[in-house]
Amino acid sequence: VLIEEILESRSDKSAEIAVGDKVSFEIRKNCVIEGEVLAKTDKRVKVHTTKISGVYQIASKKVDILASAPPADTEEE
């Protein structure tokens with residue numbers, strides 16, 4: 001019975017989602033994405049992301065620098 005309830009709760013969510021809905025989901029622990037549903041199938045949705053918040057760790061070689069931070073002040077007063 002417990003497994004059936006879990007499966008029903010999962011399937012009920014996808015039926016409620018419609019194209020144009022604003023949605024959010026956790027992509028990883030402590031990293032949430034928000035956006036608008038562009039398309040959907042029975043099991044998946046395609047989301048145009050508008051905001052990502054949280055902490056996400058990635059290999060530095062996969063990151064492109066868009067703007068540099070100001071140099072740290074190393075001079076002692």
Side-chain angles (χ1 to χ4, degrees):
V1 176
L2 182 61
I3 295 173
E4 289 176 4
E5 290 175 9
I6 292 170
L7 292 174
E8 284 178 18
S9 69
R10 287 182 180 176
S11 64
D12 289 347
K13 251 186 178 179
S14 64
E16 298 171 5
I17 300 171
V19 172
D21 285 354
K22 304 289 186 210
V23 297
S24 70
F25 55 95
E26 192 171 59
I27 187 123
R28 289 201 178 161
K29 185 177 179 184
N30 298 322
C31 189
V32 177
I33 293 181
E34 296 178 12
E36 181 179 337
V37 176
L38 299 176
K40 68 172 256 170
T41 65
D42 290 342
K43 295 184 179 184
R44 295 188 144 324
V45 293
K46 183 184 286 188
V47 177
H48 177 259
T49 58
T50 55
K51 181 180 176 184
I52 300 174
S53 59
V55 177
Y56 191 91
Q57 186 171 333
I58 189 168
S60 56
K61 65 183 180 183
K62 294 184 176 183
V63 175
D64 294 326
I65 298 172
L66 301 178
S68 294
D73 187 15
T74 57
E75 201 174 302
E76 292 186 25
E77 294 181 21

Q. According to a 4.5 Å side-chain heavy-atom criterion applied to Ile, Leu, Val, Met, Phe, Trp and Tyr, with indirect links allowed, do V37 and I27 form part of one hydrophobic cluster?
A. yes
Q) Which pairs count as salt bridge (Lys or Arg N to Asp or Glu O under 4.0 Å) when at least one residue sits in residues 22-34, sequence neighbours excluded? A) K22-E36
**Q.** Listed partners of A59 passing side-chain contact (heavy atoms from CB on, under 4.5 Å), at least two apart
**A.** K61, K62
**Q.** side chain to side chain contact (heavy atoms under 4.5 Å, CB included) between I52 and C31, worked out
**A.** CA-CA 7 Å; I52 300 174; C31 189; 3.9 Å; yes
Q: Measure across I17 and K40 and return the closest heavy-atom pair with its distance rounded to 0.1 Å.
A: O-NZ, 3.0 Å
Q. Is the closest side-chain heavy-atom distance between V47 and V23 below 4.5 Å?
A. yes
